[in-house]
Amino acid sequence: MSDNTNDIKRSETNLHSGHRERLRAKIELTGIDNIPPHEVLEYLLFMCIPRRDTNPLAHELINRFGSLSAVLEADIHELEKVKGISHSTALFLNSIPAVTRYYFKDRWKERPVATDNVIIGQYLCDLFAGEKNEAFYVLSLDSSRALIKTDLVYRGTINETPIQPRAVVEKALKNNAAAVVLAHNHPGGNLAASPADVQMTQLLVEIFSSLLIQVVDHFIICGSKFSSMKNKGQMCEPIKYSVMEASDGDVNGDWNFD
C-alpha cells in the first residue's frame with residue numbers, strides 16, 4: 001500500500017473522528033432533544049460502528065423507513081438488509097424502544113396511586129413507550145388505590161389485541177386486588193374507543209363487580225396522549241346480559257380490541 005493511500009485513510013479517520021467529537025459536543029451543549037433525527041440516529045450508530053462515517057447511513061435508514069421511530073421499531077431482519085448494518089447493530093437499534101419502556105417502568109419507584117387520572121395516564125404513557133403492537137395491561141390496586149402490580153395480559157398485532165376476560169380476572173385475583181385499572185394502546189394514533197373496546201370493558205366491569213372488585217377506569221394510550229373511557233361515560237352503561245347470564249364462550253373467549 002502506498003504512502004499516499006495511507007495518508008488518505010488517516011485523513012478520513014481524523015475527519016470522521018473530528019465530526020463525532022463535534023456532534024458529541026453539540027449534544028452536550030444543546031441536549032439531544034434539540035438536534036435533528038438523523039443526527040440522533042448517527043449518534044446511536046457511533047456505539048456500534050467505531051471507524052466509519054455514520055452520517056450517510058443514518059440518512060439512508062431514515063429515508064428507507066420513514067422516520068427515526070420507524071427505524072428503531074423496524075424488524076431486525078429488515079434492518080440487516082441495509083448495507084452497513086450488521087446483526088449486532090440491528091439488534092442494538094431494535095432494543096432501544098424496549099430499553100426505553102424498561103427505563104420508564106424502573107423510574108416509577110414510588111407506586112402511583114389511582115386517584116389522579118393525570119398521574120395514572122402519565123404512568124401508562126411511559127409503560128407503553130415505543131410499543132409498536134397493541135398490548136393490554138391490568139393494574140391491580142389495593143384498597144387505598146395504590147398500585148400493587150402491573151401485568152401484561154396480552155400483546156397482539158399492530159391493530160388488534162385478542163383478549164380473554166378470564167386472563168384479566170385471574171391476574172387481579174392473583175394479586176388480591178381491591179380494584180383494577182385497565183389499559184391498552186392504539187398504535188395507529190386514534191384515541192377513540194371502538195365498539196369492541198366499549199363492549200369488552202362493560203363486560204369486564206360486570207364480571208369484576210360480581211367479585212367485589214371495582215374497575216376504576218380503562219385508558220387508551222396513543223404515544224404521549226391518553227383517553228379515559230370512564231370520563232367519556234363508556235364504562236357503566238348496561239350491557240345486554242349480566243355475568244350470571246353470560247355463557248362460558250362469552251367470558252372465556254377471545255375479544256379483539258381494534
Checking ring pair (Phe, Tyr, Trp, His ring centres under 6.0 Å) for the pair His186/Phe128: CA distance, chi angles, key distance, verdict?
CA-CA 10 Å; His186 286 176; Phe128 283 96; over 10 Å; no
Roughly how far, to the nearest 0.5 Å, is CD1 of Ile62 from OG of Ser69?
9.5 Å
Cluster question for you: counting only ILVMFWY and a side-chain heavy-atom cut-off of under 4.5 Å, with indirect links fine, are Met47 and Ile27 together?
yes
Go through His218 and Phe136 one step at a time and tell me if the side chain to side chain contact (heavy atoms under 4.5 Å, CB included) criterion holds.
CA-CA 10 Å; His218 186 164; Phe136 187 98; 3.9 Å; yes
Please check if atom CG in Asn176 has more than 12 non-hydrogen atoms from other residues, nucleotides or ligands closer than 6.0 Å.
no
Co-membership, hydrophobic cluster, residues Leu211 and Leu203, 4.5 Å side-chain
yes
Is the closest side-chain donor-acceptor distance between Lys232 and Ser227 under 3.5 Å?
yes
Test side chain to side chain contact (heavy atoms under 4.5 Å, CB included) applied to Lys81 and Arg64, step by step:
CA-CA 11 Å; Lys81 291 179 182 178; Arg64 177 164 182 160; 3.7 Å; yes
About how many Å separate CD1 of Ile148 and NZ of Lys174, when rounded to the nearest 0.5 Å?
13.0 Å
Check: Phe65 and Val82 side chains under 4.5 Å, non-hydrogen atoms
yes
Distance check, rounded to the nearest 0.5 Å: Gln214 atom CD versus Ser143 atom OG?
12.0 Å
Show the atom names and distances, to 0.1 Å, of all donor-acceptor pairs under 3.5 Å that link a side chain in residues 34-41 to residues at least two apart or in another chain.
from: Asn34; atom 1: ND2; to: Thr30; atom 2: O; distance (Å): 2.5
from: Glu39; atom 1: OE1; to: Lys26; atom 2: NZ; distance (Å): 2.9
from: Glu39; atom 1: OE2; to: Lys26; atom 2: NZ; distance (Å): 3.4

How many angstroms lie between CD1 in Ile220 and OG in Ser194, if you round to the nearest 0.5 Å?
7.0 Å
Identify whether Leu173 and Val138 are in the same connected component of the hydrophobic contact network (ILVMFWY, side-chain heavy atoms under 4.5 Å).
yes
Does any part of the side chain of Val181, heavy atoms only, come nearer than 4.5 Å to the side chain of Tyr137, both counted from C-beta?
no
For residues Leu23 and Ile96: do they belong to one hydrophobic cluster (side chain heavy atoms under 4.5 Å, members Ile, Leu, Val, Met, Phe, Trp, Tyr)?
yes
I need the minimum non-hydrogen distance between Val180 and Ser140, along with the two atoms involved.
CG1-CA, 4.4 Å
Using modelled atom types and a 3.5 Å cut-off, is there a donor and acceptor pairing between side-chain atoms of Asn175 and backbone atoms of Ala177?
no
Contact check, side chains of Phe208 and Val168, non-hydrogen atoms, under 4.5 Å:
yes
Ignoring hydrogens and angles, state whether a donor on the side chain of Asn94 or His77 is under 3.5 Å from an acceptor on the partner side chain.
no
Does His87 reach the side chain of Ile76, with side-chain heavy atoms less than 4.5 Å apart?
yes
Between Asn185 and Glu131, is there a side-chain donor-acceptor contact under 3.5 Å, judged purely by atom types and distance?
no
Looking only at the side chains, is there a donor atom on one of Tyr43 and Thr54 sitting less than 3.5 Å from an acceptor on the other?
no
Residues which pass salt bridge (charged side-chain N to carboxylate O under 4.0 Å, His left out) with Lys225, listed by chain and number, not counting sequence neighbours
none
Leu72, Val71, Leu91 screened by side-chain contact (heavy atoms from CB on, under 4.5 Å) with Leu79, the one that passes
Val71
For Leu152 and Lys171, which heavy atoms make the closest approach, and how far apart are they?
O-CE, 4.2 Å
Non-hydrogen side-chain atoms of Leu139 and Val216 separated by less than 4.5 Å:
no
Asp217 side chain to Lys230 main-chain N or O, any donor-acceptor pair under 3.5 Å?
yes
Decide yes or no for Leu124 and Phe226: does some side-chain heavy atom of the first lie under 4.5 Å from some side-chain heavy atom of the second?
no
Are Leu61 and Ile85 close enough that some pair of their side-chain heavy atoms sits under 4.5 Å apart?
yes
How long is the gap from CD1 on Ile213 to CG on Leu204, to the nearest 0.5 Å?
11.5 Å
Under 3.5 Å, is there a donor-acceptor pair between the side chain of Thr201 and the main chain of Asp197?
yes
Should Glu42 and Asp53 be marked as a side chain to side chain contact (heavy atoms under 4.5 Å, CB included) after you check the CA-CA gap, both sets of side-chain angles, and the distance that decides it?
CA-CA 9 Å; Glu42 183 183 358; Asp53 181 8; 4.3 Å; yes
Taking atom CG of Leu57 and atom CD1 of Ile49, what is their separation to the nearest 0.5 Å?
5.0 Å
Assigning hydrophobic clusters by single linkage (Ile, Leu, Val, Met, Phe, Trp, Tyr; side-chain heavy-atom cutoff under 4.5 Å), is Tyr102 placed with Leu147?
no
Is there side-chain contact between Phe46 and Leu44, with heavy atoms separated by less than 4.5 Å?
no
Regarding Glu134 and His184, is there a side-chain donor-to-acceptor distance under 3.5 Å anywhere?
no
